[in-house]
2 protein chains.
Amino acid sequence: MPLSRAKIAAAAIQLADVHGLDGLSVRKLAKELGVGPMRLYDYVVNRSELLDLMVDAIYAQIAEADQHSQWRATVLAIYHRTRDATLDHEWFSDLLGGRPHLGPHALAVGESTAAALSQAPAVRDIDDLQRIVGALNAFVIGALRREVTERRTARTTGTDVTTWQKTLGPYLTRMLKTGRYPTVARLVIDGAHLNPEETFHHNLITILDGITS
Amino acid sequence: MPLSRAKIAAAAIQLADVHGLDGLSVRKLAKELGVGPMRLYDYVVNRSELLDLMVDAIYAQIAEADQHSQWRATVLAIYHRTRDATLDHEWFSDLLGGRPHLGPHALAVGESTAAALSQAPAVRDIDDLQRIVGALNAFVIGALRREVTERRTARTTGTDVTTWQKTLGPYLTRMLKTGRYPTVARLVIDGAHLNPEETFHHNLITILDGITS
DNA sequence: TGCGCTACCGTACGGCGTATCCATAAGGTA
DNA sequence: TACCTTATGGATACGCCGTACGGTAGCGCA
């Protein structure tokens, strides 16, 4: 097996899936592939280019979204698929919005999204399109980052009450008991655990429909 | 000068403002403060806690937003101030959404935002509030990340045409000339350079009014 | 005077990205 | 067959990083 950019990216993704982006080093990746570290620099100029490779591989996964005849359904499908891919590869959220996504598959996804949105009746000119694409992407980036962060903290502190009280619990409850943050306290304590997918869907629809009308 | 968490945070912020988060190391920070590296670990348990300190210092800056009598004006003021602070300290965008913001000032900002939004007529119960706060925060996080990323690439590649053509230009124009990304091409080529602040404001208002009605 | 405690610091370890140089194998030519 | 060229892969090394650890100097107090 002669080693290739695709193979390197696949191994890197697998490593990052398990150990996160911090746990992905050029050296470990090389060891995983059974070669010396410097070998990888024949295929990639930088660690950062390695990340670009990984990102575009994820976009390839996203780009497989089915084309719907309705522009609205197409847009929703793409963003939901983005969410699915992000939850499958949480490190992806660390890179979301942090660098320009210019790989071929990223461009393809961007093209599908923009093309669909350009069919919305409210989109009169290219400036409208730019604003709308920007707003939607911004929401999705932020929402996915938040969701992944919540997942991570829930995982490390544990969802159950006992470990929660041993980690962030004391500090947070102490802060909330000061009475200086009543609304936040209500959100934390009384706020039901909303279904993340439903919340994402609901907010996405609200913004999409609000912005295209 | 006896060294304190506040002083450490201030020096760290200054360093990060100039050299970015990557250019901020515990060792450099210690040297800047005229002490040995390990000295800082008497005030901070981790590099990560150092970042938390810095983040909360920025939230302190944001929290100074004036209180308006109208909830809508309050919300807008807070988010605009968030944007201002982020553009003053671009590294802040790298941390946005990537970790829970639980410092006292972050909580204060969250409290002000949530309290204001809870006065919106459309907010009936706490679940509404949770969804709306989540959606707005998500948009702002994503929008600021994107804006900072654009600023950075514009800075390194240069805004003028000549350097642009020497860096990303060739690759991107080649990709766009394939004809596979017509809509993206139109966005890049024909899309006017929209005023970032206006775009932010416009989108924020659209989402805010769409979601609270 | 002696003693424990605290504040502080120097050193060191393991890991990182990557520049540079070396060994070896492969293949073409005389 | 013998030699030279060229590509392929690897070992080593440099300068950084975060931080664990052990030691020391100064000081309050018995």
Side-chain angles (χ1 to χ4, degrees), chain A residues 1-57 90-92 94-95 98-100 103 152-153 156 167, chain B residues 1-57 90-92 94-95 98-100 103 152-153 156 167:
Chain A
M1 55 165 200
L3 206 57
S4 67
R5 282 166 71 96
K7 218 163 284 186
I8 290 175
I13 287 175
Q14 197 183 346
L15 254 176
D17 284 347
V18 180
H19 300 104
L21 268 196
D22 291 346
L24 168 68
S25 69
V26 176
R27 301 166 110 104
K28 284 184 198 161
L29 177 57
K31 186 165 293 181
E32 189 76 19
L33 290 165
V35 299
M38 296 316 287
R39 189 81 175 69
L40 302 185
Y41 286 90
D42 293 337
Y43 298 86
V44 143
V45 64
N46 260 344
R47 182 190 135 99
S48 142
E49 189 175 303
L50 173 69
L51 297 185
D52 287 339
L53 234 55
M54 297 165 64
V55 164
D56 211 56
E90 296 189 346
W91 51 266
F92 188 67
D94 298 323
L95 269 17
R99 55 185 60 218
R152 282 173 175 157
T153 63
T156 61
T167 53
Chain B
M1 56 166 200
L3 206 57
S4 67
R5 283 166 70 96
K7 218 163 284 186
I8 291 176
I13 287 174
Q14 197 183 348
L15 255 176
D17 284 347
V18 180
H19 301 104
L21 268 196
D22 292 345
L24 167 68
S25 68
V26 175
R27 301 166 109 102
K28 284 184 197 160
L29 176 57
K31 185 166 292 181
E32 191 76 18
L33 289 165
V35 299
M38 295 314 289
R39 188 81 177 71
L40 302 186
Y41 286 91
D42 293 337
Y43 299 86
V44 142
V45 64
N46 259 346
R47 182 188 135 99
S48 144
E49 189 176 301
L50 174 69
L51 298 184
D52 288 339
L53 234 56
M54 298 165 63
V55 165
D56 210 56
E90 295 189 347
W91 51 267
F92 187 68
D94 298 322
L95 269 17
R99 55 185 63 219
R152 283 173 175 158
T153 63
T156 62
T167 52

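For clarity, every value in this text was computed on a predicted model and none was experimentally measured. The sequence lines fix the lettering, A, B, ..., with proteins before strands; numbering per chain opens at 1.
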What nitrogen or oxygen pairs link the protein and nucleotides 16-19 of chain C at under 3.5 Å?
{"from": "dC16(C)", "atom 1": "OP1", "to": "Ser25(A)", "atom 2": "OG", "distance (Å)": "2.9"}
{"from": "dG17(C)", "atom 1": "OP1", "to": "Val26(A)", "atom 2": "N", "distance (Å)": "3.2"}
{"from": "dG17(C)", "atom 1": "OP1", "to": "Arg47(A)", "atom 2": "NH1", "distance (Å)": "3.4"}
{"from": "dG17(C)", "atom 1": "OP2", "to": "Val26(A)", "atom 2": "N", "distance (Å)": "2.9"}
{"from": "dG17(C)", "atom 1": "N7", "to": "Arg27(A)", "atom 2": "NH1", "distance (Å)": "2.3"}
{"from": "dG17(C)", "atom 1": "O6", "to": "Arg27(A)", "atom 2": "NH1", "distance (Å)": "2.9"}
{"from": "dG17(C)", "atom 1": "O6", "to": "Arg27(A)", "atom 2": "NH2", "distance (Å)": "3.4"}
{"from": "dT18(C)", "atom 1": "OP1", "to": "Asn46(A)", "atom 2": "OD1", "distance (Å)": "3.3"}
{"from": "dT18(C)", "atom 1": "OP2", "to": "Tyr41(A)", "atom 2": "OH", "distance (Å)": "2.6"}
{"from": "dT18(C)", "atom 1": "OP2", "to": "Arg47(A)", "atom 2": "N", "distance (Å)": "2.9"}
{"from": "dT18(C)", "atom 1": "O5'", "to": "Tyr41(A)", "atom 2": "OH", "distance (Å)": "3.3"}
{"from": "dT18(C)", "atom 1": "O4", "to": "Arg27(A)", "atom 2": "NH1", "distance (Å)": "3.4"}

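- Here the closest non-hydrogen pair linking Met54(A) and Ala9(A) is CG-O, 4.3 Å.
- Among residues two or more places apart in sequence or in another chain, the side-chain hydrogen bond (donor to acceptor under 3.5 Å, both in side chains) test is passed with Glu32(B) by none.
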Checklist entry - Taking protein heavy atoms under 4.0 Å as touching, what does nucleotides 21-27 of chain C look like 5' to 3' if B marks base contact, S marks sugar-phosphate-only contact and - marks none? => result -------

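- With sequence neighbours left out, Asp94(B) forms a salt bridge (charged side-chain N to carboxylate O under 4.0 Å, His left out) with Arg152(B).
- Residues in residues 41-50 of chain B take part in these salt bridge (Lys or Arg N to Asp or Glu O under 4.0 Å) pairs, two or more places apart or across chains: Arg5(B)-Glu49(B), Arg39(B)-Asp42(B).
- Rounded to whole angstrom, the span from the CG atom of Leu40(B) across to the C1' atom of dA7(C) amounts to 14 Å.
- Across every non-hydrogen atom of Tyr43(A) and Ser4(A), the tightest pair is CE2-CA, 4.0 Å.
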Report all side-chain donor-acceptor pairs from residues 19-31 of chain B shorter than 3.5 Å, counting only partners two or more places apart or in another chain.
{"from": "Ser25(B)", "atom 1": "OG", "to": "Lys28(B)", "atom 2": "N", "distance (Å)": "3.1"}

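- Of the residues Leu50(B), Leu95(B), Ile13(B), the one that meets the side-chain contact (heavy atoms from CB on, under 4.5 Å) test with Val55(B) is Leu95(B).
- In this structure, CG of Asp42(B) is placed 15 Å from C1' of dG22(D), rounded to the nearest angstrom.
- Computed from coordinates, the Lys31(B) NZ to dC9(C) P distance equals 14 Å when rounded to whole Å.
- Rounded to whole angstrom, the span from the NE2 atom of His19(A) across to the P atom of dG15(C) amounts to 14 Å.
- In this structure, CG in Leu15(A) is found 11.5 Å from CH2 in Trp91(A), a value given to the nearest 0.5 Å.
- Taking atom OH of Tyr43(B) as the reference point, atom C1' of dT6(C) lies 12 Å away to the nearest angstrom.
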